[in-house]
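Contents: one structure, followed by commentary.
Quick caveat: nothing in here was measured; it's all calculated off a predicted structure. Ligands are counted one by one from 1 in listed order, and the atoms in each one are counted from 1 as well.
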Amino acid sequence: MTTTRRTMIAGNWKMNGLKSDGKKLASALARRMKKLKKPNFEMVICPPYPLLGLASEAIKASGVKLGAQDCHSATSGAHTGDVSAELLKNIGCKTAIVGHSERRTDHGESDALVKAKAEAAIGAGMSVIVCIGETLRQRESGRAMSVNRKQLQGSLPDSATARNTVIAYEPVWAIGTGKVATPEQAQEVHAVIRRELAKMIGEKEADKVRILYGGSMKPGNAKELLSLPDVDGGLIGGAALNADDFWAIAASVD
Ligand code: PGA
């Protein structure tokens, strides 16, 4: 983290929670956020689609921002079960996660599709959190860096700037497993991502892009990870479902 890049603490609720849980969680975070005069982090929550409306109400005027977990690449049309970036923006989303490894696996999303989704979100006036990350097999065969470089090259929207794009490095083997990347492993990949970004959008812009770490981030390991030079925040799953844990992660930002 550097002072020029504002730390982002983003909660990915995934397919969890019912109406009452969502409302309680969003309200608890909003209440705490409102008490801070000048938070030194940006907080985003990404609930499941049907909870976006009530979460939006619960965080109103609190400074907590709303994000979606995905969007479609088309602006509208015959896409049953999908949601457009335009509608997400319309109901209050400021950002959308695209390319999460669970979507890449569960729905066979390719880099090209992730890139198209990112373009759609930016086109609708939102920012994007573009996720990349290697599997355990890829890491063990020494391909972690090349896999992340390739995913970034394929998934980064052409219109990417530091304002509209955040990258999340999420090693697949660390997601929901309790296994967290060591600070050395995280910093190494984050630095590689920033160098690759510099080639793609120029060094000056790349220097301003926030790169989040995701994968079993918890109150107990957040401080160390968030203090690494190229780690500019966290994309948090499990620990984002508990207001105390999620807040403790945010509170560990220096
Ligand atoms: P986790 O999930 O914090 O539960 O590992 C992170 C993510 O998938 O975004």
Side-chain angles (χ1 to χ4, degrees), residues 7-17 21-22 25-26 29 41-49 51-52 55 64-71 93-109 114 117-118 121 127-136 138-139 144 147-148 151-152 155 165-183 185-186 189-190 193 210-226 228 231-253:
T7 304
M8 177 184 278
I9 301 297
N12 175 10
W13 295 6
K14 308 192 181 183
M15 199 173 74
N16 291 298
D21 312 303
L25 181 50
L29 296 170
F41 55 84
E42 181 181 5
M43 179 171 278
V44 182
I45 54 169
C46 304
Y49 286 141
L51 299 186
L52 285 170
V64 178
K65 293 182 181 154
L66 192 66
Q69 296 176 18
D70 184 40
C71 69
C93 290
K94 304 283 185 229
T95 192
I97 299 170
V98 292
H100 191 282
S101 64
E102 285 150 17
R103 292 211 59 88
R104 290 178 187 261
T105 307
D106 293 358
H107 301 271
E109 293 193 3
V114 173
K117 289 182 173 201
S127 63
V128 279
I129 301 175
V130 180
C131 301
I132 59 173
E134 83 284 358
T135 62
L136 186 59
Q138 289 164 335
R139 174 162 284 273
V147 165
N148 280 290
Q151 282 185 18
L152 184 68
S155 312
T165 303
V166 171
I167 308 296
Y169 166 56
E170 298 208 308
V172 179
W173 49 271
I175 297 177
T177 59
K179 272 192 218 156
V180 65
T182 64
Q185 286 171 328
V189 180
H190 281 234
I193 292 171
R210 288 176 292 181
I211 307 175
L212 315 183
Y213 169 81
S216 299
M217 189 181 269
K218 305 266 183 280
N221 58 32
K223 198 173 177 62
E224 195 172 21
L225 287 161
L226 294 171
L228 296 168
V231 175
D232 310 306
L235 180 55
I236 297 123
L241 297 173
N242 177 292
D244 289 341
D245 286 350
F246 192 54
W247 192 260
I249 292 174
S252 70
V253 175

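- In this structure, Ser216 contributes its side chain and Ala174 its backbone to a donor-acceptor pair below 3.5 Å.
- Under the ring pair (Phe, Tyr, Trp, His ring centres under 6.0 Å) criterion, His100 pairs with no residue, sequence neighbours left out.
- Counting only residues at least two apart or in different chains, salt bridge (Lys or Arg N to Asp or Glu O under 4.0 Å) contacts with residues 234-244 comprise Arg32-Asp244.
- Near ligand 1, residues Asn12, Lys14, His100, Glu170, Ala174, Ile175, Gly176, Gly215, Ser216, Leu235, Ile236, Gly237, Gly238 come within 4.0 angstrom through at least one heavy atom.
- Listed by chain and number, the residues in a salt bridge (charged side-chain N to carboxylate O under 4.0 Å, His left out) with Asp245 amount to none (sequence neighbours excluded).
- Although no hydrogens or angles enter the test, the distance criterion places a donor-acceptor pair under 3.5 Å between the side chain of Tyr49 and the main chain of Asp70.
- The closest donor-acceptor contact from the side chain of Glu109 to the backbone of Val114 lies at 3.5 Å or more, if one exists at all.
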